[in-house]
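All figures in this text were calculated on a predicted structure; none of them were measured in a lab. Note on naming: letters A, B, ... go to the chains in the order of the sequence lines (proteins, then strands), and numbering restarts at 1 for each one.
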Amino acid sequence: MNKIINIAVFDFKKLFRDKVAILSMILLPLVFTFIMSSIYPNSKDIQEIPKVGVGVTNLCSSELAATLVEELRADPSVYLLELTEQEILDAVKSSGIEVGFIIPEDFGQEKEDIINYNITVVKTPSSSGHSAIVSILESSFTEIIAKEGTRGYYKNKLDSLNITEQNRILFILSKKFDEKINKGSLVTVESSVYTAGNNIKKFDGRAQSSMGIAVMFVMFIVIIGGMGTILDDKKNNTWGRLGISPTSFTQIMAGKILGTFIKGWTQIIVLILFGKFVLGVDWGNSLGTSIIVLSIYLLSVTGIGMFLATLVKTDAQLGPLATIIIIPTSMLSGCYWPIEIMSETMQKIAVLFPQYWAMKALRSTVIANMSLSDTAIPLIIMGAMGMFFFVLSTMSGAFKHEPKQKRGKGADVAA
Amino acid sequence: MSYIQIKSVSKKYGDLTAVDNISFEIKEGELFGLLGPNGAGKSTLISIITTLIKPSGGQILVNGLDIKTKQSEVKKILGLVPQDIALYPTLTAGENLAFWGKMYGLGGRLLKERVKEALEIAGLSDRAKNRIDSFSGGMKRRINIAAALLHKPKVLIMDEPTVGIDPQSRNHILETVQKLNKEGMTVIYTSHYMEEIEFLCSYIGIMDHGKIIAMGTKEELRKLVSNKDVIKIKLTNENDAVFNTIKKLDNVDNITFIDGDLSINTGNADTVLAKIISTLENAKCKIQTINIEQSNLESVFLHLTGRALRD
Amino acid sequence: MIFNIALKDLKVIARDKKALILLLIMPIVITFILGAAFGSSFSKRGLDITVFPVAVVDKDGGDQAKAFIEDFLVKDLSSLFTTQIATEEEAFNLLNSEKVSTVIVIPENFTDNINNGENSIIEIKSHINQQFNSNLVSSVVNGYMQKLSLGNTGANAAIETSQEYNLPLNSEDGTFEAQGVIQELQIRFNTDTLAFTESNQEKNKSISSIQYYSAAMLIMFLLFGALRGARMMIEERETRTLGRVLTTRANIATMVLGKFLGFFIICTCQALVLILFARFVYGVYWGSSILGFTLLTLSTIFAGSAFAMFLSSISKTSEAADGLGNILIQVFTVLGGGMIPVQLLPQFMQSLSRLTLNWWAMQGYVDLMFGRDLITILPSVGVLLLMGVLFLGVGITKLRLQ
Ligand SMILES: Nc1ncnc2c1ncn2[C@@H]1O[C@H](COP(=O)(O)OP(=O)(O)O)[C@@H](O)[C@H]1O
Ligand SMILES: [Mg+2]
């Protein structure tokens, strides 16, 4: 046991001798977490909704169009600018505004039996914020239509009864309608995430993106910084020296795995603390379960790292190989963005990667406060993946302690 | 009394037989030298003894313990100085030694003492806090040796410990080996430098192509070529045809030519020398210097294999 | 002389298979994944949604609830999801085991409350792993409920007004017919809907995600390619061949320019391969202005190589340059819109974006892909060249001081 700890501790020490490794394994994920989570509002200060720049050109003089513009202006998430058509195009292009609307001259007018309710949208193809603005417009529009419709229907009735004073009555009707609207919608819809226990929780984008970055970078540290040390040992000939010391292969591997574990956890802890105290990420109430999930994920990734280490000869080769595997699979597994935005096929491919299962389990524990039994399936799958690669790599015999085969008379030439 | 017994050990790599059915014994307290050119199979044999490589056949006993079944006991008895430096470059010398000490089960105050001792032996006590990657080649070699001494092994196995270092470090190492041996440590020392083996070792095995081709004390080995001299002639130009003629002369056993140096093993230098010189002159070879040397391990090797130790 | 140095570097890198994988295969793979991942969000998420199960709990049992479930959820939305009616307990068990993605709970007295003009709340509970589907359910239910509310709001306003003025609005029994308003509004909701058309100017030339990410990855891996060059330069310094080269007739400027030319040629080859691959395998349209495209790509390479030069001048060891470069390139890429659209980032980060050469290059490529001409991208080209000159200048000065 002492020897296992010895290997782990010195592996950990060696990591800290490498400043570049520290930078790329601790600092880089911090920067990434910071940038990626800044997309989502802070769960603590939801009230402070960031305003989105919206441009409008109203070419129509109708009341309907004017009301629509006012409704949009009144929305707390919109920062409205009235611009000319050309200004809108330019502003969208330079990202000055998220989206622009052009209301045509004949908006709301009937043409060949069809009323024109067509609005031109100007946005960049990559804009994702525009859909929220569009739905604000749509719901304002529906409200206007409802008011208009009620008024029209009522007016018809009044007409049929030949009632004078129509204007005053209709004014009262509109006033009553507005009063009711201001009291809030008759039926409201409240969406929340189903959580264990009965607390209501909104989906937390920050937590999700911080989790994703942690899951991805842990894989880097485990594979390159953890299992890469075996290759490092081979390069330094210390692998053979370990082999002749009175330490069994099992002890050596246990030491390597323990060292990897410590490194992985160091990174996770740094990321969790950073998320919590700098970004205000809520890591949920099932911290214990999350720890188990992350530990099993670490194990499964360790298995994969071990396997990758058997495929290459030096740790200089391991780096690019790991990068080529980790980044694309993490993207597919939902570490960068919610997995649902990808096509079905891509989502099906994602089940092959441990990051997918880790994200799935972590969403349950961090956001939905679920318990261990709820995450059983992801845990079992991750465990099985880890075991599979572990067995595969030990069987491959690549970790034998045989000394490197010399090429030619290298040693002599050096003399 | 033999401490290490090697019984018909072989190791094959595909078609290549790196160690070919070797058997010999090493006595306790001996300073055993294993001499052989690059690729002779020395390191492979040592790797087998230290359990790093499984032999294709044969058996090895260390202190009566079969290395196959009593691996961990044997590992504690042995200390290996590997041919290539096996240290962590980013750790300091002290940290490296502490690490390896712990891998041999040392701890606490004992470990501290041993690390201190080992650093003294290496002559690098003042550099304990420096990283290995800041060390010169010779200093690295010395720490490489020190790391094998921490657990006070009964048997110290050194695989070419002086390759590629400055004369000062080399002397330091040779002296250390002698001292350790005098204190009672059994030492196996491999090298392709015959001077080192000749200087250090009481008992010597000569290895080539996976086989032990001769074994004995220095004197016994010399006897193999006792009545023989080596004529070394430095030439300024060469001529392959003439070498064949010389080879066919009476009393010429062997001839090698490396970089303008012609070495001729002969039963009697006095009788042959004149003939050789005239043969060379006939072939228009220009002679720079001529030396007649007494036999040494080099000539033993030459005699046995027809090749020089260093090619 | 300059050319000699460049040529030597080219030979070294051509032999490095590992680098070739990293610099050519990796961008191709990542572009593909990014393109596939965001493919749906750039165009409309297509019809490939599979129908998913939803559970509804009816605690009300009244007409309004029935109409909502039977006419709307079960009938109208059958192409989107399947609806199953369950008790509260059953429903949450199904949700917990992810057998349904969402549970809709209709509260008690739902029908009565609507008829009496009182508020009620529909709860939608989603499974954590089914956020996308749940959002879909939420938004359609929201739409329905908004219209339902507005219909009843209109009816209630009408009734109250009639009562206030004592108006016999129904010709037969003299009371106001609430159903009439609701029906009228329902018709109007169906006929009067906003329609959005994308602006004419860009309509025909929207950028697909694979296009966008082909450009983003091209930029990122050009930087990686240049970094590779920087590494070689430092390795040379480490093995002291730089010193040897310097003792020949080459002076530092020649040396730096030679190296720089080497990076430049390497990156150009790399760019060529990536661009052609994207063009012919992914069918990426790089714009119609060949001159503009070439100019932009060359200035990107120029800026990238100069950046690498700068990196190698400030790093002591090749590992340091490599590590630092890796970090900076990835951060630049994220900031410059290479992984997620810049618009998603908060304002202050968007301003930071403008400091990265990725952002400027990206703007240029996007412009070209929209079919715009050379003139539009000149600002991008200008900034890139300026950045390049700055990096190169600092790089040479630093090396000279060493
Ligand atoms: N792992 C290996 N695979 C194949 N051949 C090997 C291996 N290790 C050593 N050899 C070969 O075995 C022979 C003996 O090598 P070695 O024991 O290292 O020689 P020495 O130490 O005497 O220089 C050499 O020809 C070498 O190429
Ligand atoms: Mg050897």
Side-chain angles (χ1 to χ4, degrees), chain A residues 20 23-24 28 31 35 38-39 95 98 115 117-122 125-128 134 138-139 141-142 145-146 149-150 153-154 157 169 172-173 176-177 180-181 184-194 203 317 320 324 328 331-332 338 340-344 346 360 363-364 367-368, chain C residues 18 22 26 29-30 33 36-37 40-42 48 95 114 119-129 131-132 138 141-142 145-146 148-150 152-154 157-158 160-161 165 169 181 184-185 188 192 194-199 206-207 319-320 323 326-327 331 334 341 343-346 349:
Chain A
V20 175
L23 273 182
S24 47
L28 186 60
V31 173
I35 297 178
S38 70
I39 299 170
S95 304
E98 173 77 31
I115 306 175
Y117 286 127
N118 220 324
I119 292 180
T120 305
V121 189
V122 186
S126 54
S127 158
S128 57
V134 163
E138 275 175 335
S139 98
F141 180 74
T142 316
I145 289 294
T150 311
Y153 181 82
Y154 206 85
K157 288 283 173 187
I169 298 176
I172 295 296
L173 176 73
K176 287 199 182 293
F177 188 92
K180 288 185 191 300
I181 290 285
S185 180
L186 263 187
V187 187
T188 40
V189 178
E190 276 183 5
S191 314
S192 58
V193 174
Y194 175 67
F203 180 73
Q317 292 170 329
I324 234 177
M331 287 175 167
L332 284 180
E340 292 92 346
I341 67 165
M342 296 190 299
S343 69
E344 292 283 328
M346 288 287 171
K360 197 177 166 98
R363 274 196 301 267
S364 311
I367 302 180
Chain C
K18 196 174 67 194
L22 195 70
M26 184 101 161
V29 172
I30 295 194
I33 290 179
S40 43
S41 72
F42 274 75
D48 67 326
L95 185 64
I114 289 179
N119 293 346
S120 47
I121 295 170
I122 299 265
E123 272 184 275
I124 293 184
K125 288 273 186 187
S126 58
H127 191 278
I128 184 66
N129 290 328
Q131 289 303 303
F132 189 82
S138 288
V141 171
N142 231 328
M145 290 303 163
Q146 194 199 9
L148 180 67
S149 300
L150 287 171
N152 284 286
T153 305
E160 281 177 26
T161 314
Y165 285 88
L169 278 180
V181 177
E184 164 77 14
L185 288 186
R188 291 210 58 183
D192 298 356
L194 271 187
F196 293 94
T197 33
E198 284 198 24
S199 139
S206 75
I207 296 184
E319 279 99 24
N326 261 315
I327 293 171
V331 172
V334 177
Q343 288 83 357
L344 293 182
L345 297 172
M349 273 195 206

Asks: By the definition side chain to side chain contact (heavy atoms under 4.5 Å, CB included), identify the one residue from C:Ile122, C:Ile121, C:Ile114 that meets it with C:Met145.
Replies: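 One option only clears the test, and that one is C:Ile122.
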Asks: Which distance, rounded to the nearest 0.5 Å, do you find between the CG of C:Asn142 and the OG of A:Ser139?
Replies: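 So the gap between those two atoms works out to 8.5 Å.
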Asks: For each of A:Asn118, A:Val31, A:Leu28, A:Thr150, tally heavy-atom pairs with chain C at distances under 4.5 Å, and name the one with the top tally.
Replies: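 Greatest number of close heavy-atom pairs with chain C: A:Asn118.
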Asks: Walk me through whether C:Ile124 and A:Glu190 qualify under side-chain contact (heavy atoms from CB on, under 4.5 Å).
Replies: CA-CA 6 Å; C:Ile124 293 184; A:Glu190 276 183 5; over 6 Å; no
Asks: Non-hydrogen atoms of chain C under 4.5 Å away: do they reach the side chain of A:Phe141, the backbone, both or neither?
Replies: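 For A:Phe141, side-chain heavy atoms alone lie under 4.5 Å from chain C.
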Asks: Please look at C:Ile327 and chain A and tell me whether the side chain, the backbone, both or neither of the residue comes under 4.5 angstrom of a heavy atom of that chain.
Replies: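 Answer is both: backbone and side chain atoms of C:Ile327 are under 4.5 Å from chain A.
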Asks: With heavy-atom distances below 4.5 Å as the criterion, would you say the side chains of C:Leu150 and A:Ile181 are in contact?
Replies: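 C:Leu150 reaches A:Ile181 side chain to side chain.
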